[in-house]
Structure formats: C-alpha cells, structure tokens
A.B. asks: 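I'd like to ask you about the structure that follows.
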2 protein chains.
Amino acid sequence: MKRLPPLNALRAFEAAARHKSFTAAASDLFVTHGAVSRQIRQIEEFLGRRLFERLPRGVELTDEGREYAAVVRRAFEQMAEASDAIRTRADEKQILTISTTPRFAVGWLMSRLHLFQRDFPQYGIRISSTTRLVNFERERIDVAIRYGRGNWPGLSVTRLFDHEEVPVCAPALLEGPNALRSPEDLARVRLLHDGSYQYWKSWLEFAGIDNVDPHEGWVMDDPNVMFQAAIQGQGVALSNPRTIETELRDGKLVRPFDIVLATDVAAYAVCPEQNADDPKIRAMIEWLVAQAEAQE
Amino acid sequence: MKRLPPLNALRAFEAAARHKSFTAAASDLFVTHGAVSRQIRQIEEFLGRRLFERLPRGVELTDEGREYAAVVRRAFEQMAEASDAIRTRADEKQILTISTTPRFAVGWLMSRLHLFQRDFPQYGIRISSTTRLVNFERERIDVAIRYGRGNWPGLSVTRLFDHEEVPVCAPALLEGPNALRSPEDLARVRLLHDGSYQYWKSWLEFAGIDNVDPHEGWVMDDPNVMFQAAIQGQGVALSNPRTIETELRDGKLVRPFDIVLATDVAAYAVCPEQNADDPKIRAMIEWLVAQAEAQE
DNA sequence: TATTAATGTGAGTTTTAATCACAGCTATGA
DNA sequence: TCATAGCTGTGATTAAAACTCACATTAATA
C-alpha cells in the first residue's frame, strides 16, 4: 500500500476544509487553533503542496486542496458509517444494567447518561433503582452505585466521590420577615428527614447548634418525595449537593448556609470482581469516574 | 459527521487484517506486537465487538471484522491514492538540487537517495557533483554537502559526521608472502594519494611510523579513480570509512589496521540562510542527518 | 515434556501532540 | 488614517498518547 499521510492531521484537514477556517475547525475538534495550524502544515509538507491559501481573515482551499478534501471526506465517511453500523447494530445489542438508588438516578445519573450513550451507542442501557442491596447475578446487574465505606468483599470497588451533607431549601425561605439567616433560625422552620433523624442530628451537632430539636419535622422514606417537599418550600432538607446539581443550578433549591458535614461514606461504583474486565463494565465505570471528576 | 474510531489504531487493524497476524502487522508498521495488540483492543472497545478470534497460533477475523476490514482498507486506499496523486504530480514538480563531491555522491549519497525519494516522491532530484565551492544562486543549488570546519558565514550549517581517515586496500594485499601485517609493512606497498601527499603524511605521523616515505606512490586528482586503483590492488589509499561503506561491506576493500586518524574537519550540509525554512530543503537536511546518525 | 510461535499486559520511557502566550497580517469601521 | 478585530503562525513548555520491555499465558508441535 502507498504511504499514508499522518491520519490525525488528515482529520484536522478535513475539518478545516469543511469550515474554511482553522479556528472553527479547532473548536470543532476541541483543540486550539495552534494545533490545527501545525497539523495542516504537516499534511502540506507531506504532500509538498499548499492546500490552503492563507488570507488575512481565514483561509481558502486551493484547487488541489478542494479535490483532496473531497476524497478525504468520502473516505472518512465510509469509515464512520461502517463503524457506526457495527456500534449501533440492534440485534444482539449488549445491555448494560446499572443499579442505583432512586435519588442518585434522578439527581445525578439521568442528566449525564445521554453523554455515555453518545460515546457508546453500542450498548443498551437499563436502570434498576432500588435502595436494597442487590444480588448482581440474580438481578443481572452489571454495575451498581452505592453509598458506603467501600468494604464489600468479592466486589471490585471504585470510589466516585465523598458524601457530604449540607442544608437546602426553596429560595422563598430566604425572604420575608421569617427569613433563614443563620443556622439558629432552623428552629423556626420545618426539618425534612430522609428516612431517619440521624442525619440532621449529626449535622446540628457538627454545626454546634443546640436550640434546634433534631426530632422536629417530617420524615419521608423516599428522598425524591423529600426533595419535592423542599422545592415546594415545606422545609429544609439535608442533601449531598452533588445529587441535586440541577435543582441548585435552576434555582429551585438554594443552600442557606455553607456548613458542610463531611461523612465517612462515599459513593462507589461496584461490580463483581470477575466481571471487572468486561469492556462495557469497564467503559461505564471509567465514564462514571470521569463524570465525578468533571463535576468538581 | 459520525464519530470516528482512533485512526492510528485503525491503520494497525488494517495491517493486522491483511496479515492475519499481529506480529506480522507489527513488523510491517515497525512497532512491537504489543503496540498492535493494544491498538486492536482500542478498536474493539470502541466498536463494542470482537474483530478477531484469538487462536493459539495467530488470530482470525470474525465475520464482522472481515466486512469492516474491507471498508477500512478501501477508505485507506482512496486516501493513499489521492495523496500519491498529489505527491507524484509531474507537472510543476519541485526540483531539489544537491551539490556534493563526486566521491561523496558515489560512496554515500547514491546508495541512500532512493530512500529519500520513497518518502518524498513529490520532489525531483538533481545531483551536481564538483569539488569546487559552489555559488548557490547562480548554479541553483538547494543543498550542498561539503567538508570543512563549519564556519561559512551567511550559510545555514548542519553537521553530518566527523571526517576520519583510515588505510584501505584490496583484500589480496593481506595475503601471500608480502602480506600487510603491521603499519611498518606500508614501506613495501604503493601509497595512493588523493590530490596531495598531506593526508598520508598526517596519518603516518599520527601512527608513529617513520620507515615509510609519505611522498612515495601515486597521486590522483579524482578520488573515484583512486579507489578504483585500490580495489584493483594497486596500493593502499586513505579514506573516511563512511564513504566507502559499500566497498567495505562487499569485501572489495578492507581495513588492514584499525588506526583511525581523527581530523578537525567534518561533513556538513549547508544552504543559504534565507532558504533554511524551505520545506524541501528542510526535509533533505533532516533526512541527511537521520541517515548519518543511522550509519553509526 | 520441552519447545516454539503466537497474543496479552503492567510498568516505565519515549515520542508526539497540544497548549499558552505572543507575533504578524490586513480588512473593517470609527 | 489609524486603531481594532479577527485570523493564522510559532517558540517554548506542558500534557497526553503511544511504544517498548520483560514477562505471562496458551496450545500446537517436535
């Protein structure tokens, strides 16, 4: 076979030809314009011909460049199409089953999962949300995301992020004559509890507040219900800020004070040790870690 | 455009599919089998499918892999063909003119130049061999290779290798009753001089030989003629072993003793300073340096 | 049973590519 | 007409990717 030009540079050339601009191609490829400029030069040196005319504002393809770009684009399209055909082949599509808590599913996973699907169209996704500990084999779970201390024998354990607790409430509670200003003001509002009084008790101790009764308020067994109550202004809930990211960003919930209780539990991605090398499981766990890191 | 797999890995896949072997593909691509193994895995993880069946002796394409390989190969062929068409386009082909001494041309450059041409088919090559110092502009020289001390003002100078001198002769001179055994035996054979007695004089001084008259022997003004004389067994010549590589390898000439005289001159690639950035000149000089280094 | 001819892989190194920050160019518009 | 905005080019540095090495593993072959 005849010698091929540097392939990554060729892809940069294709993008530049499509945009008629190095800068636009660069942002298309998520690199800087300098990287594209170097790669185009590589191709031009390889071919011994200019492919672009350099103009003061942008670039323009030479005749040769235009012809070449057409061939290159067609070749890339064929490759992309063939790759895509394999990746999205519906028959015998592999299903990746994720088990997690309902809150984590709604508050963290859902808003990100389309990104995984975009990068890995070859896998079907199934989400099984339960607070129970799962039997991987019987329930056909590939990856579970669980809070704990990471000591699960027989399982491959990957830490995602620490679990911290911070009070959150509807923004309306920060306004008016009874507005929450300091932690002591919690005595005047309803506490929302997730299953047990324990969490608020620990937080109040940590914050050094003694005028607030941790047994006051409502207890709900479904955290999603609890957060809906908080959004409606029914009281103040405790939450890991990471799992209510969207609510915080949209302003549905706010953090009245920045006293963050660190805990000794963390979110972990786990799977049976013997499956840790399965490509789809590895892909998912690596992706979860990357997402958790990106969130910081 | 749909997402493309890692392109260099794709090339490795193509080679592996062609050879039906990772090891063979590796040597084809001048890398180790480990590199190919990783790249194939990359592609397989990207696609979410095995492309090869792993057998104990070698690998075999899966049905999917076979289909995919066909598409990929065709796409690469299109790119290679289009690239080649531009690179070898005869009209307006750029000519690269190299000026060097006749000896260097015959003894070093000639045997390597096809490698340059293979990598850079887009340039036509012209060789101008003369011992004169050249006028780059008037004689349209792009790159000159010259011996000296590297102090040529106005020129961009790149050192290639040191010039050393060592005696060489036909292997026949090492046999029979009058065989050359030690440097002192040079008194019994003819010395072959390249233009001046100076070189032998320096070498004999360096070697500490005082029974040999450096003014003995034949003086030839063309080193190629001198080496022909040496090959025919007419005497012993002094030479830089680098420029008679092929004669040494073929056994036409041998080094009777390993006393190497280092000199203060070296071989340099030079070009006018203002042309040092010309792609074809840069390509040639970088290639000359790489060849000189490879020879060591 | 030892050998051979392959692929797979963890750790470390080398090579390659990308970034950053600044330079240079010129059409545009104040 | 002169500063500005919008590009591309590049030297030095940093970051990432690829490769190598050495060893492991496997099963056909001698």
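Lettering follows sequence order; numbering is per chain, from 1. All values reported here derive from a predicted model rather than from experimental measurement.
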A.B. asks: Looking at B:R89 and A:E64, is there a salt bridge between them, counting it only when a charged N and a carboxylate O are closer than 4.0 Å?
C.D. replies: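 Between B:R89 and A:E64 there is a salt bridge, with a charged N closer than 4.0 Å to a carboxylate O.
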A.B. asks: Rounded off to whole Å, could you give me the NZ-to-P distance for the B:K20 and C:dA6 pair?
C.D. replies: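 Going from B:K20 (NZ) to C:dA6 (P), I get 15 Å.
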A.B. asks: Between A:E53 (CD) and D:dG9 (P), how many Å, whole number?
C.D. replies: 12 Å
A.B. asks: Base, sugar-phosphate, or nothing for A:V36, non-hydrogen atoms under 4.0 angstrom?
C.D. replies: nothing
A.B. asks: I'd like to know if the side chain of A:T88 and the backbone of A:D84 have a donor-acceptor N/O pair within less than 3.5 Å.
C.D. replies: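 Indeed, once roles are kept as given, a pair shorter than 3.5 Å links the two residues.
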A.B. asks: Is the distance between the ring centroids of B:F46 and A:F120 less than 6.0 Å?
C.D. replies: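 Ring centroids of B:F46 and A:F120 are no less than 6.0 Å from each other.
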A.B. asks: Can you give me the N/O atom pairs linking the protein to nucleotides 14-17 of chain D at distances under 3.5 Å, or say none if there are none?
C.D. replies:
none

A.B. asks: Over how many whole Å does the gap from B:F22 atom CZ to C:dG8 atom C1' extend?
C.D. replies: 10 Å
A.B. asks: Measuring from the side chain of B:S37 (C-beta onward, heavy atoms only), which nucleotide among D:dG9, C:dA6, C:dT9 has the closest atom?
C.D. replies: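 The listed nucleotide nearest to B:S37's side chain is C:dT9.
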A.B. asks: Whole angstroms only, please: what is the NE2-C1' distance between A:H19 and D:dT8?
C.D. replies: 17 Å
A.B. asks: Please check the phosphate of C:dT7 (OP1 and OP2 only) for any side-chain N or O of B:R41 closer than 4.0 Å.
C.D. replies: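 No, because none of the side-chain N or O atoms of B:R41 sits under 4.0 Å from OP1 or OP2 of C:dT7.
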A.B. asks: Supply the atom-to-atom distance A:Y147 OH to A:D162 CG, rounded to the nearest 0.5 angstrom.
C.D. replies: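 Between atom OH of A:Y147 and atom CG of A:D162 there are 11.0 Å.
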A.B. asks: Check for a donor-acceptor pair, side chain of A:E286 on one end and backbone N or O of A:I281 on the other, with a separation under 3.5 Å.
C.D. replies: no
A.B. asks: Among the candidates C:dT7, C:dA18, D:dT8, find the nucleotide nearest to the side-chain atoms of A:Q39.
C.D. replies: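 Out of C:dT7, C:dA18, D:dT8, the nucleotide with an atom closest to A:Q39's side chain is C:dA18.
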A.B. asks: Please encode protein proximity along nucleotides 20-30 of chain D as a string of B, S and -, counting only heavy-atom distances under 4.0 Å.
C.D. replies: B------SB--
A.B. asks: May I ask you to check whether B:W152 and B:Y268 place their ring centers less than 6.0 Å from one another?
C.D. replies: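 Centroid separation for B:W152 and B:Y268: below 6.0 Å.
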A.B. asks: Nearest whole Å is fine: how far is D:dT10 P from A:I40 CD1?
C.D. replies: 13 Å
A.B. asks: Applying salt bridge (Lys or Arg N to Asp or Glu O under 4.0 Å), which residue pairs with at least one partner in residues 23-46 of chain B are found, sequence neighbours left out?
C.D. replies: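 Sorted pair list: A:R282-B:E45, B:R18-B:D28, B:E44-B:R50, B:E44-B:R54.
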A.B. asks: Grab the CG-P distance between B:L61 and C:dT7 for me, whole Å please.
C.D. replies: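 About 12 Å, once rounded to whole Å.
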A.B. asks: Rounding to an integer number of Å, can you tell me how far A:E45 CD sits from C:dA17 P?
C.D. replies: 13 Å
A.B. asks: CD of B:Q42 versus P of C:dT9: gap in Å, rounded?
C.D. replies: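 One finds 14 Å between P of C:dT9 and CD of B:Q42, rounded.
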A.B. asks: Can you list the steps and then say if B:I145 with B:I98 is a side chain to side chain contact (heavy atoms under 4.5 Å, CB included)?
C.D. replies: CA-CA 8 Å; B:I145 300 164; B:I98 307 159; 4.1 Å; yes
A.B. asks: Look at atom CZ of A:R66 and say whether more than 12 heavy atoms of other residues, nucleotides or ligands are closer to it than 6.0 Å.
C.D. replies: yes
